[in-house]
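One structure below.
Predicted model only: the values in this text are computed from it and were never measured.
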Amino acid sequence: MSELAALQSAAFGVPADRHVEVTRTLPGPDGTRMPHSLLTEIAAYGRFPRKGSPYCRKAAKEGVVSSAWTPMVSRLTRELGRPVRILKVLGLRSDEGADRKQRPAFRTVQANSARIVDEWLPVKNWTTDAVKEWHAGAPVPYCWTYDSVPGAGDWLGSSRCSCSLCVFASRRDLLLTIGRRPRLADLYAEVEQARGDSFRPDWRITDLIRHATRCGAPDPGVVCPDDGPEFTALQEQVRQTLKREPRKKPELARHTGRALCDGCTAHT
C-alpha cells in the first residue's frame with residue numbers, strides 16, 4: 001500500500017520530499033523500532049475486532065497519521081505564529097456502510113491553539129460504478145487486489161480493499177484472500193487457536209481455510225509467497241506476543257455458525 005500511495009502522490013504532483021510514510025512501531029529484539037501490525041495487536045488484546053468494538057479502525061489508521069502531524073505542527077506553529085490548518089482528505093463513500101453514510105462530507109474535527117483540522121470526503125456520494133468509470137481514464141492507479149490478476153483491469157478481484165483478512169469482509173473476499181495469501185491466513189489461524197476467540201462471530205478462520213481447500217474458492221489469480229523478511233518479522237512478532245497473557249479474556253462466539261455451502265458449516 002505504501003508503494004501505491006507513493007504512485008498516487010506522484011500522479012497528483014506531490015513532491016517526493018513531501019510524501020511521508022508513517023506506521024505504528026514498537027521496540028524490536030535488538031532495541032530498534034519495528035512495525036507493529038494489527039495481527040500483533042489482536043494477539044496481544046486476545047480478541048478479534050467486532051462491530052461493537054472495532055478497535056482496528058481509528059487507532060490503527062487515522063490515529064497513526066494524526067500522530068505524525070505533531071512534529072510538523074510544532075515547527076510550523078512557531079514559524080507562522082498561529083494555528084496550523086490541516087485538511088484531512090479521506091476516500092470514504094456512503095455506499096460502504098451506514099456509519100459512513102451518516103458522516104458529513106465536510107466538518108471540522110479538531111480546533112485548538114496549535115492546529116485546526118478539517119475533514120473532507122470528496123467522493124462521499126460516488127457510487128461504485130462512478131469510481132470504476134473515473135479510474136478508466138484516471139492518472140492514478142488503483143490497488144491490484146481489485147482485479148482478477150494484477151493489471152487485468154476487470155474489477156473481478158476483491159470487492160473492497162482493506163486489511164488483507166478483514167473481519168468485516170464478505171465471504172468471497174475472505175476466501176479470495178486465503179487463496180492469495182495462504183501463509184497469512186495460517187498465521188491468523190494460529191492466533192485464533194491460541195486465544196480461543198473466533199475470527200468472526202459466525203465464522204472461524206480455520207473453517208474458512210478448510211472450506212477454501214475442500215469446497216472451492218475464487219481463483220486467486222496470484223499467490224503471494226510471503227517469504228520475505230517483512231513476513232518473517234511479523235510471524236515472529238505475533239508468536240512472541242502469543243506467549244504472553246492477553247489483555248482481555250477471549251469472547252467466544254455464541255452463534256452456531258452459518259452454512260458456507262451444502263454440507264459445510266462454519267462451526268457449531
Check: Of all heavy-atom pairs between Gly52 and Pro54, which one has the smallest distance, and what is that distance?
Finding: C-CD, 3.6 Å

Margin query: For a quick test of reading the model, state the closest non-hydrogen atom pair linking Ala114 to Asn112 and the distance between them.
Written below: N-OD1, 2.8 Å

Notebook entry, point to check: Does Trp120 belong to the same Ile/Leu/Val/Met/Phe/Trp/Tyr cluster as Phe12, with side-chain heavy atoms less than 4.5 Å apart forming each link?
Noted result: no

Notebook entry, point to check: Are any of the side-chain heavy atoms of Ile42 and Asp197 separated by less than 4.5 Å?
Noted result: no

Notebook entry, point to check: At what distance, to the nearest 0.5 angstrom, does CD of Glu236 lie from OG1 of Thr241?
Noted result: 9.5 Å

Check: Under a single-linkage definition using a 4.5 Å side-chain heavy-atom cutoff for Ile, Leu, Val, Met, Phe, Trp and Tyr, are Val89 and Val65 assigned to the same hydrophobic cluster?
Finding: no

Checklist line | Side-chain (Asp147) to main-chain (Asp154) donor-acceptor, under 3.5 angstrom | finding: yes

Check: Can you check whether Leu121's main-chain N or O pairs, donor with acceptor, with Arg93's side chain at less than 3.5 Å?
Finding: no

Checklist line | Closest approach of Thr128 to Asp95 (non-hydrogen atoms, all atoms of both residues) | finding: N-OD2, 4.0 Å

Notebook entry, point to check: Are more than 12 heavy atoms from other residues, nucleotides or ligands located less than 6.0 Å from atom CD of Glu245?
Noted result: no

Note to self: If we ignore hydrogens and angles and just use 3.5 Å, is the side chain of Ser67 paired with the main-chain N or O of Val64 as donor and acceptor?
What the structure shows: yes

Checklist line | Ser158 side chain to Cys161 backbone, donor-acceptor under 3.5 Å | finding: no

Check: Any side-chain heavy atom of Phe231 within less than 4.5 Å of one from Cys224?
Finding: no

Item checked: Test side-chain contact (heavy atoms from CB on, under 4.5 Å) applied to Arg171 and Trp203, step by step -> CA-CA 9 Å; Arg171 183 184 71 176; Trp203 298 327; 3.3 Å; yes

Margin query: Using the rule that Ile, Leu, Val, Met, Phe, Trp and Tyr join whenever any side-chain heavy atoms are under 4.5 Å apart, tell me whether Met1 and Leu90 fall into a single cluster.
Written below: no

Check: Side-chain contact, heavy-atom cut-off 4.5 Å: Arg115 with Thr70?
Finding: yes

Check: So, are Arg204 and Glu192 salt-bridged, with charged N and O less than 4.0 Å apart?
Finding: no

Checklist line | Side-chain donor or acceptor of Lys124 paired with backbone N/O of Arg100 under 3.5 Å | finding: yes

Checklist line | Donor-acceptor under 3.5 Å (Arg78 side chain, Ser74 main chain) | finding: yes

Check: Any side-chain heavy-atom pair from Glu119 and Leu92 closer than 4.5 angstrom?
Finding: no

Checklist line | Atom CH2 of Trp134: over 12 foreign heavy atoms under 6.0 Å | finding: yes

Note to self: Ring centroids only, cut at 6.0 angstrom: are Tyr146 and Trp155 within range, meaning strictly under it?
What the structure shows: yes

Item checked: Within-4.5 Å side-chain heavy-atom neighbours: Tyr55 and Glu41 -> yes

Notebook entry, point to check: Can you find a pair of side-chain heavy atoms, one from Ser170 and one from Ser159, that are under 4.5 Å apart?
Noted result: yes

Notebook entry, point to check: With a 4.0 Å cut-off, would you call Arg200 and Asp202 a salt bridge?
Noted result: yes

Item checked: Any Leu176 side-chain heavy atom under 4.5 Å of Arg172 side chain -> yes

Check: Counting N and O atoms only, with roles assigned by atom type, does the side chain of Arg195 sit under 3.5 Å from a partner on the main chain of Ala43, one being a donor and the other an acceptor?
Finding: yes

Checklist line | NE2 on His135 to CD on Glu133, rounded to 0.5 Å | finding: 12.0 Å

Next item on the list: Check each of Val223, Asp219, Thr145, Leu175 against Arg180 using the side chain to side chain contact (heavy atoms under 4.5 Å, CB included) test, and report the only one that passes.
Entry: Thr145

Item checked: Nearest-0.5 Å distance that lies between atom CG in Leu208 and atom CD1 in Ile178 -> 5.0 Å

Next item on the list: Drop me the distance from Gln235's CD to Leu184's CG, to the nearest 0.5 angstrom.
Entry: 10.5 Å

Note to self: Students often mix this up, so state it plainly: with edges at 30° and 60°, are the rings of Phe48 and Tyr188 parallel, tilted or perpendicular?
What the structure shows: parallel

Note to self: Quick check on the hydrophobic clustering: are Trp69 and Leu76 connected, directly or via other members, by side-chain heavy-atom contacts under 4.5 Å?
What the structure shows: yes

Note to self: Tell me if the CZ atom of Arg18 is crowded by more than 12 foreign heavy atoms within 6.0 Å.
What the structure shows: no

Notebook entry, point to check: For the residue pair Arg183 and Pro225, what are the closest heavy atoms and their distance?
Noted result: CD-O, 3.3 Å

Note to self: Other residues, nucleotides and ligands only: do more than 12 of their heavy atoms fall within 6.0 Å of NZ on Lys132?
What the structure shows: yes

Check: So, do Ile86 and Val117 sit near enough that their side-chain heavy atoms are less than 4.5 Å apart?
Finding: yes

Next item on the list: Give the minimum heavy-atom separation between Tyr45 and Pro246, together with the two atoms involved.
Entry: O-CB, 4.0 Å

Margin query: With a 4.5 Å cut-off on side-chain heavy-atom distances among I, L, V, M, F, W and Y, is there a chain of contacts connecting Tyr142 to Trp126?
Written below: no

Check: Would you call Arg181 and Asp226 a salt bridge, using N to O less than 4.0 angstrom?
Finding: yes

Notebook entry, point to check: What is the minimum heavy-atom distance between Ala11 and Pro139, and which atoms define it?
Noted result: CB-O, 3.3 Å

Margin query: Using a 3.5 Å distance criterion without hydrogens, assess whether the side chain of Arg160 forms a donor-acceptor pair with backbone atoms of Glu96.
Written below: yes

Next item on the list: Look only at the side chain of Ser148 and the backbone of Leu156, and say whether a donor-acceptor pair between them is shorter than 3.5 Å.
Entry: no

Next item on the list: Please round to the nearest 0.5 Å and tell me the distance separating atom CD1 of Ile205 and atom CG of Leu174.
Entry: 6.0 Å

Note to self: I'd like to know if the side chain of Thr232 reaches the main chain of Gly228, judged simply by a donor and an acceptor atom lying under 3.5 Å from each other, with no hydrogens or angles considered.
What the structure shows: yes

Next item on the list: Tell me, with the steps shown, if Phe168 and Asp173 meet side-chain contact (heavy atoms from CB on, under 4.5 Å).
Entry: CA-CA 10 Å; Phe168 304 109; Asp173 282 358; over 6 Å; no

Next item on the list: Measure the spacing between CE of Met72 and OG1 of Thr77 and express it to the nearest 0.5 Å.
Entry: 12.5 Å

